[in-house]
Number of protein chains: 2
Amino acid sequence: MDRSEILLSFLKDYRDHYLPSVSLDLVIFGFHEGQMKVLLIRFKGSQDWLLPGGRVRKDEDLNEAAYRSLRERTGLEKLFLQQFQTFGKVDRLTHFSWEETLTKMGLKEPLESLGVDIASFWSRDISVGYYALVEYTKVNPTPDIMSDECQWWDIDQVPQLLFDHNDMIRLALKTLRRQLSYQPIGYNLLPEEFTMSELQSLYETILGRKLDRRNFYKQIMNYDVLERLEKRPTIPASKAPYLYRFKKERYEQLLNEEDLSVG
Amino acid sequence: MDRSEILLSFLKDYRDHYLPSVSLDLVIFGFHEGQMKVLLIRFKGSQDWLLPGGRVRKDEDLNEAAYRSLRERTGLEKLFLQQFQTFGKVDRLTHFSWEETLTKMGLKEPLESLGVDIASFWSRDISVGYYALVEYTKVNPTPDIMSDECQWWDIDQVPQLLFDHNDMIRLALKTLRRQLSYQPIGYNLLPEEFTMSELQSLYETILGRKLDRRNFYKQIMNYDVLERLEKRPTIPASKAPYLYRFKKERYEQLLNEEDLSVG
DNA sequence: CCAAAAGTGTTAAAGCTACACCCATGT
DNA sequence: ACATGGGTGTAGCTTTAACACTTTTGG
């Protein structure tokens, strides 16, 4: 199969098996060395970056599509994933053209000659925004068919992105920070067992500010969501800290109390 | 034009001018005599109730579509309207059939004979949920083309609804209550000028619990969003209360601080 | 003069913030 | 011994909750 045939079958697959008019975008947050990162892709044959996204199969739940897309970009399963807003401005994809995109993807002949009338199944997209929290070191960033590169960016060095994607990141971060105040977070971001300062550092990174060690300890223990273990790993030049782990049932309970999302 | 022709043009209009796969549902809250109400419609030729909804024109912003749908059901403009969640389970419309629905709407011949292949432009819908707050007495409930009746229901007497619409109401109410704690609400729900107890009663209705009169007064005045007028209407058998009104600029400011929705 | 609603201030409890001292370990 | 990171408690402050008496008005 030459490149155009592959594209043709890709387009037909889209038309036949995916919902038209609906897409989704992922704001994937990671944490590394005290820095908050976000995963971006570089658009095929271009210097422009944007958020990874996906589409919804006709036989697939919306949330499931988001999990699948996340898996495809990161190689990870069962992550913290949360819908935060649906974007639907008419002009949100200004400058996007299928024709041009397909050319960059390797289309040689004009589109009509392939016998696919794109306008008939694509007008414009409503996009459902999700944000995810992932463990940076476990991620294997993988470009999709429409991108050349997939990599982490420091959250405060994200360039001007295509479309409305800078807005999406801003709103995702804001929603995440608010959510942090009434939900426990960390289950999929930390190893099974972790120290209090690892957890605190995660919170500090998300919130973008320092927290008082003692107050943090009291608050988090008040949630009754952590279990302290007897193990105390030795750490160079310091007292051996306790390890903690999440009480699974309590953690789930807190999540569910605050979220009757039906995706 | 006979009924079938009207339906045909309705369907063709949907196919040609509206986004496929995307719909929206409205949880319209009203307040009357200390009761919280929600506006429901009765499905064509059926005893089943559900939320009013709408679709998005190809040339229309998502939020604009929601405003338009709200206007069509209530006759009101410029209302408080807020997106709260997008619903996308594959089976969320169980038992819904276009064929059946169109028959109830007056279709006489089988669908194929109309020359419209519904399956080609409709598979299933993702639905964007919005909630609205409206002034009960100003609303003129108007059924849409797919419903026989449109009327208010007490929030705690809502029957089993079609689809996932009971979930939607629950989640809308929960989101609204949370929002109340960091945003002023009332601008489109109360007359231009109102008394403190009217405002308090609105809050109590939304929250579903009584508030302390003195504490409420202090908190609301701390927002610095109300302006006290000199007028004091006389009320039967009681001391004349002050009238208040919202400071428009401050009210808008508080709304915008907390909402960078890009809909 | 009595019932009904409205105006207002004080006190207690809870939650959050700030802050300091001691302990274990490796160099 | 000392530098580094970890464990823990207390005091002040701010925010929220509880609560009661007085005023006006119509009947």
Side-chain angles (χ1 to χ4, degrees), chain A residues 33-34 177-186 190-191 193-245 254 257-258, chain B residues 33-34 177-186 190-191 193-245 254 257-258:
Chain A
E33 293 178 350
R177 284 177 178 166
R178 179 170 305 147
Q179 180 162 6
L180 206 57
S181 67
Y182 53 79
Q183 288 209 343
I185 277 181
L190 295 172
E193 303 176 348
F194 47 87
T195 65
M196 191 57 74
S197 35
E198 286 171 321
L199 184 62
Q200 180 179 343
S201 153
L202 171 66
Y203 272 68
E204 289 178 335
T205 307
I206 295 178
L207 292 173
R209 62 189 168 90
K210 291 283 166 205
L211 301 173
D212 182 273
R213 203 155 47 93
R214 295 151 284 192
N215 295 334
F216 180 76
Y217 176 84
K218 274 177 290 183
Q219 281 167 7
I220 205 81
M221 291 314 266
N222 252 13
Y223 264 96
D224 188 32
V225 74
L226 291 188
E227 179 174 12
R228 184 157 92 173
L229 308 175
E230 283 315 309
K231 288 193 259 179
R232 310 182 67 166
T234 60
I235 283 187
S238 91
K239 184 171 173 177
Y242 286 105
L243 286 179
Y244 297 80
R245 76 170 157 230
L254 286 169
E257 267 177 23
E258 276 304 328
Chain B
E33 294 179 350
R177 283 177 178 165
R178 180 169 305 147
Q179 180 162 6
L180 206 57
S181 67
Y182 53 80
Q183 289 209 343
I185 277 180
L190 294 172
E193 303 176 348
F194 48 86
T195 65
M196 190 58 73
S197 35
E198 285 170 321
L199 184 62
Q200 179 177 345
S201 153
L202 170 65
Y203 271 69
E204 288 177 338
T205 307
I206 295 178
L207 293 173
R209 64 191 166 89
K210 290 285 166 204
L211 301 174
D212 182 273
R213 205 155 44 93
R214 295 153 282 190
N215 295 334
F216 179 76
Y217 175 84
K218 273 176 289 183
Q219 282 166 7
I220 205 81
M221 290 314 265
N222 252 14
Y223 265 96
D224 188 32
V225 75
L226 291 188
E227 179 175 11
R228 185 158 93 173
L229 308 175
E230 283 315 309
K231 287 193 260 178
R232 309 183 66 166
T234 58
I235 283 187
S238 88
K239 186 170 172 175
Y242 287 104
L243 285 180
Y244 297 81
R245 76 168 158 231
L254 286 169
E257 267 177 24
E258 275 305 327

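Here the structure is a predicted model, which means the values were calculated and not measured. Letters A, B, ... are given to chains in the order of the sequence lines, protein chains preceding strands, and every chain is numbered from 1.
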For the residue pair [X] and [Y], what are the closest heavy atoms and their distance?
{"X": "Y203(A)", "Y": "Q183(A)", "value": "OH-O, 4.1 Å"}
{"X": "L202(A)", "Y": "G186(A)", "value": "CD2-CA, 3.8 Å"}
{"X": "E193(A)", "Y": "L243(A)", "value": "OE1-CD1, 3.7 Å"}
{"X": "P233(A)", "Y": "A240(A)", "value": "O-CB, 3.4 Å"}

(message) Measuring to OP1 and OP2 of dT8(C), would you say a side-chain N or O of Y217(B) lies under 4.0 angstrom away?
(response) yes
(message) Please determine whether a side-chain nitrogen or oxygen atom of R213(A) lies at a distance below 4.0 Å from atom OP1 or OP2 of dA20(C).
(response) no
Rounded to the Å, how far apart are [X] [atom1] and [N] [atom2]?
{"X": "Y242(B)", "N": "dT23(D)", "atom1": "OH", "atom2": "P", "result": "14 Å"}
{"X": "E198(A)", "N": "dG5(D)", "atom1": "CD", "atom2": "C1'", "result": "13 Å"}
{"X": "L207(A)", "N": "dT17(C)", "atom1": "CG", "atom2": "P", "result": "11 Å"}
{"X": "F216(A)", "N": "dC16(C)", "atom1": "CZ", "atom2": "P", "result": "14 Å"}
{"X": "I220(A)", "N": "dG6(D)", "atom1": "CD1", "atom2": "P", "result": "16 Å"}
{"X": "L226(B)", "N": "dG7(C)", "atom1": "CG", "atom2": "P", "result": "12 Å"}
{"X": "R232(B)", "N": "dG26(D)", "atom1": "CZ", "atom2": "C1'", "result": "16 Å"}
{"X": "L229(A)", "N": "dG6(D)", "atom1": "CG", "atom2": "P", "result": "16 Å"}

(request) Begin from the C-alpha positions of Y217(A) and M196(A) and carry the test side-chain contact (heavy atoms from CB on, under 4.5 Å) through to its verdict. (result) CA-CA 7 Å; Y217(A) 176 84; M196(A) 191 57 74; 3.6 Å; yes
(message) Just checking F194(B) against Y244(B), ring centres under 6.0 Å apart?
(response)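 Centroid distance F194(B)-Y244(B): not below 6.0 Å, so no.
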Can you give the donor-acceptor pairs under 3.5 Å from side chains of residues 220-230 of chain B to other protein atoms, not counting sequence neighbours?
| residue | atom | partner | partner atom | Å |
| --- | --- | --- | --- | --- |
| D224(B) | OD1 | K247(B) | NZ | 2.8 |
| E227(B) | OE1 | R245(B) | NE | 3.3 |

(message) By the 4.0 Å heavy-atom rule, please label S197(A) as base, sugar-phosphate, or nothing.
(response)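 Here S197(A) touches the backbone only, sparing every base.
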(message) Go through it in stages, so that I can follow the logic: the residues are L199(A) and T195(A), the test is side-chain contact (heavy atoms from CB on, under 4.5 Å), and I'd like the CA-CA distance, side-chain angles, deciding distance and then a yes or no.
(response) CA-CA 7 Å; L199(A) 184 62; T195(A) 65; over 6 Å; no
(message) Less than 4.5 Å apart, side chain to side chain, heavy atoms only: is that true for R209(A) and L211(A)?
(response)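 In contact.
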Protein and nucleotides 25-27 of chain C: nitrogen or oxygen contacts under 3.5 angstrom:
| residue | atom | partner | partner atom | Å |
| --- | --- | --- | --- | --- |
| dT25(C) | O4' | S238(A) | O | 3.2 |
| dG26(C) | O4' | A237(A) | N | 3.1 |

Kindly give the atom pairs (protein nitrogen or oxygen, nucleotide nitrogen or oxygen) under 3.5 Å for nucleotides 9-16 of chain D.
| residue | atom | partner | partner atom | Å |
| --- | --- | --- | --- | --- |
| dT10(D) | O4 | K218(A) | NZ | 2.8 |

